[in-house]
2 protein chains.
Amino acid sequence: MENVLQNNYNLTRKQQEILNFLITNKDNFIQAPTLNELCVAIGLKSRGSLHKHIQGLINAGLVEAPNRKQRGVRLTSLSLSTNSTSELAKQVDEGYGTPFVGTIAAGSPIEALENKSYMHIPNEIKTEGSCYILQVKGDSMIDEGIFNGDWVIIEQRSYAKNGEIVVALVDKMDATLKHIEQYPHETVLIPANKNMKAMHFQPQQIEIQGVLVGQMRSYK
Amino acid sequence: MENVLQNNYNLTRKQQEILNFLITNKDNFIQAPTLNELCVAIGLKSRGSLHKHIQGLINAGLVEAPNRKQRGVRLTSLSLSTNSTSELAKQVDEGYGTPFVGTIAAGSPIEALENKSYMHIPNEIKTEGSCYILQVKGDSMIDEGIFNGDWVIIEQRSYAKNGEIVVALVDKMDATLKHIEQYPHETVLIPANKNMKAMHFQPQQIEIQGVLVGQMRSYK
DNA sequence: ATAACTTGTTCTCCTTTTGTTCTTGTTGTA
DNA sequence: TACAACAAGAACAAAAGGAGAACAAGTTAT
C-alpha cells in the first residue's frame with residue numbers, strides 16, 4: 001500500500017507521517033496532544049526529535065502551537081481544508097469505519113478490493129493510530145491463531161519492535177504477515193507455522209507497512 | 001458531531017477539564033457548585049488552586065461567578081450553546097451495541113461482570129439472532145485458534161449441529177466452550193487441544209447456552 | 001446582635017510538565 | 001565522500017499546576 005498522502009508541500013517523509021497522524025486522529029484527542037504524547041503515539045523517544053518535525057509543519061502553516069505556551073499541537077484550518085488530507089483520513093472522519101483494504105497472502109502483493117468497503121470494529125481491537133483491515137490468505141501464522149480467512153487489523157506504521165507481527169513488503173513486491181526481528185545487518189521474518197522456516201533479508205529489502213493490533217474471525 | 005470535550009484554543013488542559021466537568025454535570029447540581037464542592041469533585045485539595053483555573057474560564061467568558069457573592073460557579077449561555085451536543089445523545093444515537101457479559105473458563109460457571117458493558121462489533125462476526133460476548137480463559141480451544149483472553153461472540157441458542165462450537169452448561173454447574181457431538185445416548189464435548197481429552201456425558205447433563213459465531217483478539 | 005462558619009479571593013512557595021535548544025551519532029542517498 | 005534526514009538525550013527556562021495560609025465579605029446559628 002502506498003503512502004496515502006499526497007505531497008503538496010515540501011515536507012519530509014517524517015513530517016508527512018506526523019501530519020497524517022494528526023489529521024487521522026484529530027478527533028481522538030480529548031486535548032491537543034503535547035509533544036510527549038505525540039512521541040508515544042508515533043514511536044519516538046525524544047521530544048527534541050519530534051520538535052524539529054513539528055517546527056517544519058508550523059513553518060508550512062499546517063500546524064500551530066502557541067509559542068512557548070504549553071497548550072499542545074493543533075492543526076490549522078489550512079491543513080484541515082486542503083486536499084493534502086489523505087483519502088484514508090477523510091473516510092475515517094466521515095464515519096465510514098475502518099477501511100477494509102484487501103487480502104494479504106504470503107508471497108504476493110496485497111490484493112486490493114475493487115470497491116473498498118468499511119467495517120465498524122470495536123475500539124478494543126484497534127488503536128489510536130490509523131488502522132486498516134486485511135483478510136488473511138494462507139496458513140503462515142496458524143500457530144499464532146491466525147487462520148486462513150481471518151481478518152487482521154493493522155495499524156499503519158513504518159517501524160516495529162522485535163517480535164511484533166507486521167505487514168512487511170519484501171523487495172517492494174511481496175507483502176506478507178510475519179513476526180519480525182530487526183538487527184543492524186539483517187532482518188528476519190518468522191512465520192508462526194512449524195512447517196515453515198524463518199526468512200533472512202537485508203534490512204533495506206524490507207519495508208514495514210503496518211503492525212498487527214487485532215484479529216477477527218467469523219464462524220458463520 | 002462534536003462533543004463536550006472539544007478543544008478550546010485559549011484554555012489550558014486543566015481549565016478544559018474543569019469546563020468539561022461543569023458541562024457534563026450541569027444537571028447533577030441542585031445549586032451552582034461552590035469552589036469547595038468542585039475541589040472534591042475534581043480531586044483538588046486547595047480552593048486557591050481551583051480559583052486560578054476558574055478565573056481563566058471567567059476571562060474566557062465561559063463561566064460566571066457573581067463577584068464576591070457566595071453563589072458558586074455557573075456556566076454562561078455561551079458555553080452552554082457552543083457545547084450543546086452531549087455525549088449521551090451520541091450513545092443513544094449509536095445504540096448500545098452487543099453486550100459483553102463476562103468470562104468463560106473450562107470447568108467454572110460463567111463469571112458475570114458486575115457492570116455490564118457493550119461493544120460495537122461488525123456484522124461480519126455476528127448473526128441476526130441475539131448475540132453476546134464472552135472473554136475466554138484457558139487454552140481448551142487453542143488448536144481452533146481461540147486463545148486465552150480472546151473474545152468470542154455467541155449466538156444465544158439452545159440447540160446446535162454436531163461439530164459446532166458451543167457454550168455448554170454441564171450439570172447446571174460448569175460452563176465451557178467446546179465442540180459438541182450429540183448422539184441419542186451420549187453427548188460428547190471435544191476440546192481443541194491435543195493435550196486434552198473429549199468428555200462424555202448423558203444428554204440430559206448438557207444444556208446448550210449458545211453457539212460460537214465470531215471471535216476477536218487484541219494484540220495491544 | 002454577636003459569634004461561628006462559609007465562601008471567594010489573594011498571596012507565597014513549591015513541584016511537575018512542557019517547549020525549546022543543543023550536541024552527538026546514525027543512516028540512507030546523491 | 002558529502003549531505004540531508006532522522007533519532008536520542010541532556011540541559012534549561014517558562015508555563016502550568018498544586019498546597020496551604022491569610023483575609024474580607026457574606027451567611028447562619030444562638
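So you know, we letter chains A, B, ... as the sequences are listed, proteins then strands, and number each from 1. Reckoned from all heavy atoms, side chains included, excluding hydrogens, waters and symmetry mates.
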A.B. asks: Hey, which of A:Thr187, A:Val167, A:Ile165 is the one that makes side chain to side chain contact (heavy atoms under 4.5 Å, CB included) with A:Ile180?
C.D. replies: A:Thr187
A.B. asks: Provide, to the nearest angstrom, the distance between the CG atom belonging to B:Asn59 and the C1' atom belonging to C:dT9.
C.D. replies: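 About 14 Å, once rounded to whole Å.
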A.B. asks: Establish, with yes or no, whether the OP1 or OP2 oxygen of D:dA7 is under 4.0 angstrom from a side-chain nitrogen or oxygen of A:Lys14.
C.D. replies: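 For A:Lys14, the contact criterion (side-chain N or O under 4.0 Å from OP1 or OP2 of D:dA7) is met.
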A.B. asks: In whole Å, what is the span from the NZ atom of A:Lys69 to the C1' atom of D:dA13?
C.D. replies: 14 Å
A.B. asks: Taking B:Arg13 for its side chain and A:Ala32 for its backbone only, find out whether a donor-acceptor pair lies under 3.5 Å.
C.D. replies: yes
A.B. asks: Over how many whole Å does the gap from A:Ile54 atom CD1 to D:dA7 atom C1' extend?
C.D. replies: 15 Å
A.B. asks: Would you give the length of the straight line joining atom CG of A:Leu38 to atom CG of A:Leu50, rounded to the nearest 0.5 angstrom?
C.D. replies: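 Going from the CG atom of A:Leu38 to the CG atom of A:Leu50 covers 5.5 Å.
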A.B. asks: Can you figure out which of D:dG17, D:dA14, C:dT9 approaches the side chain of B:Lys52 most closely?
C.D. replies: D:dG17
A.B. asks: Tell whether B:Ser46 reaches the base of D:dG20 with its side chain through a donor-acceptor pair below 3.5 angstrom.
C.D. replies: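 Indeed, a donor on one side and an acceptor on the other fall under 3.5 Å apart.
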A.B. asks: Taking the side chain of A:Arg13 as heavy atoms from C-beta outward, which of D:dA8, D:dG18, D:dC6 is closest to it?
C.D. replies: D:dC6
A.B. asks: Please evaluate the base of C:dG8 for a donor-acceptor partner in the side chain of B:Arg47 within a cut-off of under 3.5 Å?
C.D. replies: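 Pair found.
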A.B. asks: Choose from D:dA7, C:dT7, D:dG18 the nucleotide whose nearest atom is closest to any side-chain atom of B:His53.
C.D. replies: D:dG18
A.B. asks: For B:Gln16 and D:dA16, give me the distance from atom CD to atom C1', rounded to whole Å.
C.D. replies: 15 Å
A.B. asks: May I ask you to say what B:Thr34 touches in the nucleic acid, namely base, sugar-phosphate or nothing, with a heavy-atom cut-off under 4.0 Å?
C.D. replies: sugar-phosphate
A.B. asks: Under 3.5 Å, is there a donor-acceptor pair between the side chain of A:His200 and the main chain of A:Val188?
C.D. replies: no
A.B. asks: Could you tell me how far apart A:Arg71 (CZ) and C:dT20 (P) are, to the nearest whole angstrom?
C.D. replies: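 Distance, rounded to whole Å: 13 Å.
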A.B. asks: What nucleic acid atoms does B:Leu44 come within less than 4.0 Å of, heavy atoms only: base, sugar-phosphate, or nothing?
C.D. replies: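 It contacts sugar-phosphate atoms only.
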A.B. asks: Which whole-number value in Å describes the distance from A:Leu35 CG to D:dA8 C1'?
C.D. replies: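 Taking atom C1' of D:dA8 as the reference, CG of A:Leu35 is at 15 Å.
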A.B. asks: Does NZ belonging to A:Lys220 count more than 12 external heavy atoms closer than 6.0 Å?
C.D. replies: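 Check passes, neighbour count above 12.
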A.B. asks: Between A:Gln70 (CD) and C:dT18 (C1'), how many Å, whole number?
C.D. replies: 4 Å
A.B. asks: Think A:His51 has a side-chain N or O under 4.0 angstrom from the OP1 or OP2 of C:dG19?
C.D. replies: no
A.B. asks: In whole angstrom, give the distance that lies between atom CD of A:Glu207 and atom P of C:dG28.
C.D. replies: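 One finds 13 Å between P of C:dG28 and CD of A:Glu207, rounded.
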A.B. asks: Relative to the 5' end of DNA chain C, which residue comes earlier, A:Asn36 or B:Glu37, by the nucleotide with the nearest heavy atom?
C.D. replies: B:Glu37
A.B. asks: Quick check on D:dG17: is either OP1 or OP2 less than 4.0 Å from any side-chain nitrogen or oxygen of B:Thr12?
C.D. replies: yes
